[in-house]
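Worksheet: one structure, shown below.
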Amino acid sequence: MDYGAKLDAEIEARRDDLIALTQDLIRIPTLNPPGDCYLEICEYLRDRLAAKGFDVQLVRAEGAIGDSDKYPRWNVVARREGAHSGECVHFNSHTDVVEVGRDWTYDPFGGELDDGKIYGRGACDMKGGLATSIIAAEVFVDLFSEFSGAVEISGTADEESGGYGGVAYLAEKGFFAPERVQHVIIPEPLNKDRICLGHRGVWWAELETFGEIAHGSMPFLGDCAVRHMGAVVHEMEQSLFPALAEKRTDMPVVPEGAKQSTLNINSIHGGMEEPEADYTGYPSACVPDSCRMVLDRRFLIEEDIKDVQAEIQSVLDKVKAERDTFRYDLREMHRVLPTMTEKDAPVVTTVAEAIQDIIGAPAEYVVSPGTYDQKHIDRIGKLKNCIAYGPGILDLAHKPDEYIGVEDMVDSAKVMARSLVKILLGHDEITVGEPKI
C-alpha cells in the first residue's frame, strides 16, 4: 500500500476533528499579557494527548520572567515513545495570543467557521498550527505503531513576549537537549509551501530622558523630559532611519521590506503615570521630569550587535552636544542574535521533500522578520536542526479578523505526517510496504 495515500486519506477523514480542535483552542482566551488561561489550555491538551497514549507533563516555569502566583507560566510537554529506539521529532507551538485590538467583525474568541476559514485571535498565530501538528502526530501514531524513536508535542507560554516563561525555561531544563530531541518543527504561520530557516536579530532597549518638574503654567522654571525625547526622535528621523533603510541582507527574509534593518518605536510615555480606568478627573499641571521610550531594533545576520548599539549611542551623543541639560539613561531589555538553519539540515530536507509531495512544487526557503522560539532552542538548547513550518498567512498575525484556512491546515498536516514517516520509519519514498497498524 502507498504510505502517502493512507496518511492523506486518514487526515482527510479527521478534517472535522481538526476544525473542532482549532475552535476549542481559540475559545480559550490565552491573552498575553498578562498570561490568562495558561493552565486551562495545558490541561485541555493534556487530556487530549493522554487519551492517545502520550506521556504528558505540565511544567510551570517558576521564577521565569513573567511568572507569578497570579499569572503562573504553565507549559505542557507530551511524548509518545515508539516500539524501537530512534530519534525524536518535536512539534513546538506557543499557546499565548496577543491583545485583541479593534475593528473585528467576528468574535475574537468565537472560533467561527466561515467559507473554509476559522476566525479568532490566535487562529493563525498559532493555534491552527498547534492543532495541525496534533492531528498529524495522532494519525501517524495510530497508523504506524511500530515506529522507531519518539514523537513530542509541546504547548508553551509567552512566545509573544519573548518566550522566557516557555521554551527558554524548558530548554534550560534540558527538554531540548540534542541527546533527547533531534528534530524540531515549530508550526508558525509562514505559509504551507514555505520552510522558515530562522529569523533576524532583535535588540530591545528602554531609553529614559530626565528633566525637572515645575508648574505647567511656568514651564521655563522646569525642564521638559518629553521635549528632550522629541529631540531624540527628530535625530532618529534625520540620521538613523535613513541609514537603516540602506542596509540590506542576503537572508531570504519575508516580506520584502524586512530585508533591511528596522527600528520600531514601541512606546513613548512621559509625565505622570496613566490614572486608573475609573478616574474621571483631569491631570495636574506639571512639567514632566521623565519620559520613557521602548526601542525595538531588528537587525541582520551581517550586522554586529555592538554596531547596533553604537548607532543608538551616536544619536544620543549628537543630541547631548546640542542640548545643555540633556540627561538620559539607556537600559538594554533583551537581545537575540540572528539565527538561520542550513538548507541541508535533516529536518529541512525532510520537510522540503514532503512539501514537494503534497504541494507539487519545490519548497520556498524564507527567514522570519521577527524572532520566535527557535532562538531559545538554538541558543540554550544547542539544537540547530530546527525550523518553522506551519499553515497560515504571516501577514494575518496580530491583525483584526485573524483566520486560518482549513485547507491549508489539512495540507500542512499531510506534510507533517509524511515528515514523521520519513524520519521515524526511515522511508524516503512513501510508496512501498504495508503500514504496521
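This structure is a prediction, so every number in the text was calculated from the model and none was measured.
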May I ask you to check whether [X] and [Y] show a side-chain donor-acceptor distance below 3.5 Å?
X	Y	value
E188	S368	no
R200	T262	yes
W104	D401	no

| query | Please walk me through it: do R180 and C88 pass side chain to side chain contact (heavy atoms under 4.5 Å, CB included)? | reply | CA-CA 7 Å; R180 184 178 186 277; C88 174; 6.0 Å; no

| task | Applying ring-ring contact (aromatic ring centres under 6.0 Å, His included), run through Y372 and H199 and close with a yes or a no. | result | CA-CA 8 Å; Y372 55 94; H199 50 70; 5.3 Å; yes

| task | Look at the aromatic rings of Y119 and Y403 and report parallel, tilted or perpendicular, splitting at 30° and 60°. | result | tilted

| Q313 CD: over 12 foreign heavy atoms closer than 6.0 Å | yes

| Stepwise, does the side chain to side chain donor-acceptor pair (under 3.5 Å) test hold for N92 with S154? | CA-CA 5 Å; N92 165 250; S154 62; 2.9 Å; yes

| said: Can you confirm if the aromatic rings of H376 and Y169 lie within a centre distance of less than 6.0 Å? | reply: no

| Would you find a donor on one side and an acceptor on the other, under 3.5 Å apart, between the side chain of R121 and the backbone of V100? | yes

| task | Could you please spell out the steps behind the salt bridge (Lys or Arg N to Asp or Glu O under 4.0 Å) verdict for R248 and E256? | result | CA-CA 10 Å; R248 306 291 292 179; E256 183 66 26; 3.1 Å; yes

| query | Of T30, I404, D24, which meets side chain to side chain contact (heavy atoms under 4.5 Å, CB included) against K127? | reply | T30

| task | Please report the C-alpha distance between D55 and R80 in whole Å, then the side-chain angles of each, then the deciding distance to 0.1 Å, and finally whether the salt bridge (Lys or Arg N to Asp or Glu O under 4.0 Å) criterion is met. | result | CA-CA 6 Å; D55 293 324; R80 173 73 180 266; over 6 Å; no

| task | For a side-chain hydrogen bond (donor to acceptor under 3.5 Å, both in side chains) with H94, tell me which candidate from N32, D158, D373, D125 qualifies. | result | D125

| Verdict with reasoning, R48 to D17, per salt bridge (Lys or Arg N to Asp or Glu O under 4.0 Å) | CA-CA 12 Å; R48 165 95 189 199; D17 188 16; 2.8 Å; yes

